[in-house]
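Take a look at the structure set out below.
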Amino acid sequence: MPGTPFPTSGMEMTLLLVVEDVGRSKEWYSNVLGATVYREYGGSSCVLRFLGNWLLLVTGGGPSDDKPTVAMTAPTDPDRVSAEVTVRVPDCQGAYETLRARGAEFLSSPIDWGAETRAFFRDPDGHLWEISQAG
């Protein structure tokens, strides 16, 4: 096949989340999840490191030349999601208690489904997060 192999060494993945208030979200991701701020761009975006990954928080915006029909917006209905972020944890109950103490608001306490124990919470803009423990 022609071209550069994909994926290949040197690549990294970034999760981009559209938020209403970058400062508020930066504080939440730092203080609640323990993400580390890497760089900020004039109040309209912030790059964080979380669990070895990049997390980019940006304010919304309209279409651009490279995405001519796409508008970037924060979630409008937190009860209707098309994606979530799952963090596999060794102790779901312990993670739940720690995150709750830091201000995370969970939809329910952890539930043991047999194959996994999990609990869901949202960031300030309604993005859905899950903590999950196998078995």
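What you are looking at is a predicted structure, and each value in this text was computed from that prediction instead of being measured.
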Distance in Å, [X] [atom1] paired with [Y] [atom2], rounded so as to fall on 0.5 Å steps:
{"X": "Glu40", "Y": "Leu48", "atom1": "CD", "atom2": "CG", "result": "8.5 Å"}
{"X": "Glu105", "Y": "Asp123", "atom1": "CD", "atom2": "CG", "result": "11.0 Å"}
{"X": "Thr36", "Y": "Arg49", "atom1": "OG1", "atom2": "CZ", "result": "9.0 Å"}
{"X": "Thr86", "Y": "Glu116", "atom1": "OG1", "atom2": "CD", "result": "8.0 Å"}
{"X": "Tyr38", "Y": "Leu55", "atom1": "OH", "atom2": "CG", "result": "14.5 Å"}
{"X": "Glu97", "Y": "Arg102", "atom1": "CD", "atom2": "CZ", "result": "13.0 Å"}

Determine the minimum heavy-atom distance between [X] and [Y], stating which atoms define it.
{"X": "Ser108", "Y": "Ala119", "result": "O-CB, 4.1 Å"}
{"X": "Arg118", "Y": "Cys92", "result": "CA-SG, 3.9 Å"}
{"X": "Pro63", "Y": "Pro68", "result": "CB-O, 3.2 Å"}
{"X": "Arg24", "Y": "Pro124", "result": "NE-CB, 3.5 Å"}
{"X": "Pro110", "Y": "Gln93", "result": "CG-OE1, 3.6 Å"}

Hydrophobic cluster membership, with links at side-chain heavy-atom distances under 4.5 Å among I/L/V/M/F/W/Y: are [X] and [Y] in one?
{"X": "Leu17", "Y": "Trp54", "value": "no"}
{"X": "Leu107", "Y": "Val81", "value": "yes"}
{"X": "Leu57", "Y": "Leu16", "value": "no"}
{"X": "Leu56", "Y": "Met72", "value": "yes"}

Hey, are Asp125 and Ser25 close enough side-chain-wise for a donor-acceptor pair under 3.5 Å?
->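 A donor-acceptor contact under 3.5 Å links the two side chains.
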Should [X] and [Y] count as side-chain neighbours, where that means a heavy-atom distance under 4.5 Å?
{"X": "Ser44", "Y": "Val22", "value": "no"}
{"X": "Leu33", "Y": "Trp28", "value": "yes"}
{"X": "Phe121", "Y": "Arg100", "value": "no"}
{"X": "Phe106", "Y": "Leu99", "value": "yes"}
{"X": "Leu15", "Y": "Asn53", "value": "no"}
{"X": "Val37", "Y": "Lys26", "value": "yes"}

Taking the six-membered ring where the residue is Trp, are the ring centres of Phe50 and Tyr29 under 6.0 Å apart?
->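 Centroid distance Phe50-Tyr29: not below 6.0 Å, so no.
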Are more than 12 heavy atoms from other residues, nucleotides or ligands located less than 6.0 Å from atom CG of Asp65?
->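 Atom CG in Asp65 is not crowded, with 12 or fewer foreign heavy atoms closer than 6.0 Å.
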Look at the side chain of His127 and the backbone N and O of Val18, then say whether any donor-acceptor pair between them is shorter than 3.5 Å.
->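 Pair found, side chain donor or acceptor close to backbone of Val18.
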Establish, for the pair Arg122 and Trp129, whether the NZ or CZ atom is under 6.0 angstrom from the six-membered ring centre and no further than 45 degrees off its axis.
->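 Because its charged atom misses either the 6.0 Å distance or the 45° angle limit, Arg122 does not stack over Trp129.
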